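One structure is given here, and the rest of the page talks about it.
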Amino acid sequence: MALTGIEIFKMLPKTNCKECGYPTCLAFAMALASGKAELEACPYVSDEVKEKLAEASAPPIRPIKLGPSDAVKSIGGETVQFRHEKTFFNQTLIAGMLTTAMSDAEIDEKLKVFMDMQFERVGLNLRPEMMAVVDKDGDAGKFSGVVKKVMDNSDALVLLCSDKPEVLKAGAEAAKERRPILAYATADNADAMGALAKELDLPLVAKAEGYDALAELTSKLTGMGLKDLILDSGAREIKEVLKDNIVLRRAALVPKFKPFGFPVLNCVAEMTDDPMKQALYASVAIAKYSAIVVLSDLEPHAVFPLLLQRLNIYTDPQKPMIVTQGIYPINNPDENSPIAITTNFALTYFIVSGEIEGSKVPTWLMIMDTEGLSVMTAWAAGKFVGDAVGMFVKKSGITDQAKTRTLIIPGYAAAISGDLEEELPDWKILIGPREASHIPAFLKSI
Ligand code: SF4
């Protein structure tokens with residue numbers, strides 16, 4: 001059963017040395033109890049207490065680290081069933097698929113598509129992260145050859161799929177720097193697959209149809225000393241996948257049923273050959289608890305909406321989405337281009353930058369940090385007022401890039417124009433439109 005912050009605090013050294021990054025042992029205990037801190041952060045906890053606390057403070061769904069040590073990605077580690085209760089921590093990984101039946105040219109092309117598929121959004125680089133390599137003929141040399149291509153030609157995380165332990169071992173050798181996932185352990189091969197995963201210290205997908213069989217399999221594997229397991233309920237019908245994902249998450253969180261306390265993998269590539277249906281199924285899986293979805297092909301028109309959906313679901317609802325403060329050149333501005341300013345609320349940035357881009361008028365867009373508040377709210381909160389905006393403009397470095405001394409402020413912030421003129425006496429302050437849709441006409445008119 002989970003311990004409270006006070007119960008954890010009683011077991012800490014109480015020296016308030018701050019080495020864990022928290023000002024006091026009590027603050028660290030509270031953070032630990034709410035899943036925001038990791039026990040390893042305190043170097044002074046005794047082994048005995050460590051064992052006690054690790055058990056009690058571990059998230060109900062085991063976090064699993066993948067990838068190279070300098071670019072670790074985690075799956076699992078979730079603590080709530082509904083995003084509005086707290087937040088979801090580790091985004092669903094989106095994977096494409098390669099098989100040993102594909103030609104070299106086809107594999108090269110798919111890896112190129114994988115590497116090229118990157119979308120810039122809200123200052124973030126959105127992209128799929130993983131490639132599944134599927135063994136079709138039991139040839140270990142061929143399998144490790146495909147894995148090697150993934151390693152040489154991409155930075156993808158790797159999911160290795162074969163029912164033959166020796167084939168998986170050859171692939172795992174080739175991908176060892178990225179901590180690949182082994183798939184699948186079933187009731188029939190659990191001993192061999194479990195031993196392999198243990199020997200290589202790699203995550204293993206446990207696959208069984210039916211909750212009893214899955215619980216029995218994961219219990220057997222954990223009994224062998226394996227900790228990093230991933231669940232596949234074996235369902236390949238979307239209705240069943242949805243039901244199973246919900247049941248597994250709920251069982252792990254509410255009664256804290258340990259055999260299901262692992263992240264879930266959904267292979268939508270095995271559910272249908274229709275790429276559009278795969279995208280729809282992946283969307284359902286992302287919405288309801290999948291840690292990894294595997295598609296047979298990574299088509300930009302299907303992956304982009306999935307990336308956006310994922311971004312929305314895994315964004316902390318208690319923190320506004322923000323863009324980084326700075327100067328954003330839009331439509332290749334030069335030193336004579338106009339300068340506009342707005343707040344760093346992501347939605348504001350999206351809309352304003354989109355309208356400027358659509359206008360085709362080269363423009364410098366300055367984004368000021370208002371802690372993610374929109375223009376009106378930031379103004380009302382005193383974060384987007386004349387002196388603050390003036391100070392930001394002076395320090396931003398915009399005068400090194402543009403000769404223009406005309407600043408366009410949002411129509412909703414018209415009230416700050418007087419103060420801003422005082423703060424920036426060499427500048428002309430223009431009040432822009434209130435509605436973003438009027439921005440193109442406004443820019444063209446100046
Ligand atoms: Fe307390 Fe440990 Fe943090 Fe030091 S590192 S303040 S002893 S919890």
Side-chain angles (χ1 to χ4, degrees), residues 1-91 93 123-124 157 177-179 198 201-203 222 225-230 249 251-263 289 291 314-322 324-325 344 369 371-372:
M1 204 166 96
L3 297 177
T4 65
I6 296 297
E7 284 167 330
I8 294 173
F9 172 65
K10 286 179 188 162
M11 289 189 250
L12 292 177
K14 303 185 199 70
T15 57
N16 298 334
C17 71
K18 303 187 178 60
E19 281 185 47
C20 54
Y22 288 83
T24 60
C25 293
L26 180 61
F28 178 67
M30 293 302 176
L32 204 59
S34 62
K36 288 181 188 145
E38 301 222 352
L39 187 57
E40 288 82 51
C42 173
Y44 303 110
V45 179
S46 70
D47 286 348
E48 189 195 336
V49 170
K50 217 177 247 174
E51 207 173 303
K52 236 172 166 177
L53 284 181
E55 177 81 359
S57 64
I61 296 175
R62 183 170 172 81
I64 297 178
K65 291 188 167 60
L66 307 169
S69 54
D70 57 347
V72 172
K73 287 248 175 225
S74 294
I75 54 171
E78 305 301 340
T79 56
V80 292
Q81 198 172 354
F82 302 107
R83 172 185 169 274
H84 60 262
E85 291 176 89
K86 191 174 185 183
T87 185
F88 291 168
F89 293 101
N90 294 311
Q91 294 194 345
L93 301 180
L124 299 171
L157 299 171
E177 286 150 37
R178 295 190 196 159
R179 198 159 196 255
K198 188 149 187 234
D201 187 25
L202 292 178
T222 49
L226 294 174
K227 291 189 171 146
D228 289 347
L229 297 180
I230 295 163
R249 168 68 67 100
L253 294 183
V254 182
K256 297 208 182 332
F257 184 58
K258 284 202 181 305
F260 291 165
F262 303 99
Y289 312 140
Y314 283 82
T315 299
D316 188 340
Q318 295 170 53
K319 286 191 202 145
M321 283 190 69
I322 59 169
T324 312
Q325 171 170 285
N344 74 333
D369 182 3
E371 296 172 16

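Start at 1 and go down the list; that is how both ligands and their atoms are numbered. Keep in mind that the numbers below use all heavy atoms, side chains included, and drop hydrogens, waters and symmetry copies. Not measured: the values here are computed from a predicted model.
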Here the atoms of ligand 1 under 4.0 Å from any heavy atom belonging to Asn16 are 6 (S)
Inset, instruction - Could you tell me whether atom 4 (Fe) of ligand 1 has an N, O or S atom of Cys42 under 2.8 Å away? - result: no
For [atom], what is the nearest protein heavy atom, given as residue, atom name and distance?
atom: atom 8 (S) of ligand 1; answer: Phe28 CD2, 3.4 Å
atom: atom 1 (Fe) of ligand 1; answer: Cys25 SG, 2.2 Å
atom: atom 7 (S) of ligand 1; answer: Thr15 OG1, 3.2 Å
atom: atom 4 (Fe) of ligand 1; answer: Cys17 SG, 2.3 Å

Original post:
Any N/O/S atom of Cys20 sitting less than 2.8 Å from atom 3 (Fe) of ligand 1, backbone or side chain?
Top reply: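 So Cys20 does bind atom 3 (Fe) of ligand 1 by this criterion.
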- Message: Any non-hydrogen side-chain atom of Leu202 less than 4.5 Å from a side-chain atom of Asp228?
- Response: no
| message | Side chains of Glu78 and Asn90, heavy atoms from C-beta outward: is any pair under 4.5 Å? | response |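 They are in side-chain contact.
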Lys/Arg-Asp/Glu bridge criterion (N-O < 4.0 Å) met for Arg179, Asp201
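Answer for the salt bridge query: yes.
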CD1 (Ile75) and CG (Leu157) are apart, to the nearest 0.5 Å, by 9.5 Å
Name the orientation class of the two ring planes belonging to Phe260 and Phe257 (parallel below 30°, tilted from 30 to 60°, perpendicular beyond 60°). perpendicular
Just to be sure I read this right, does ligand 1 sit under 4.0 Å from the backbone of Lys18, its side chain, both, or neither, counting only heavy atoms?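 For Lys18, only backbone atoms sit under 4.0 Å from ligand 1.
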Set out, in order, the CA-CA distance, both residues' side-chain angles and the distance that settles side-chain contact (heavy atoms from CB on, under 4.5 Å) for Asn344 and Gln325, then state yes or no. CA-CA 6 Å; Asn344 74 333; Gln325 171 170 285; 5.7 Å; no
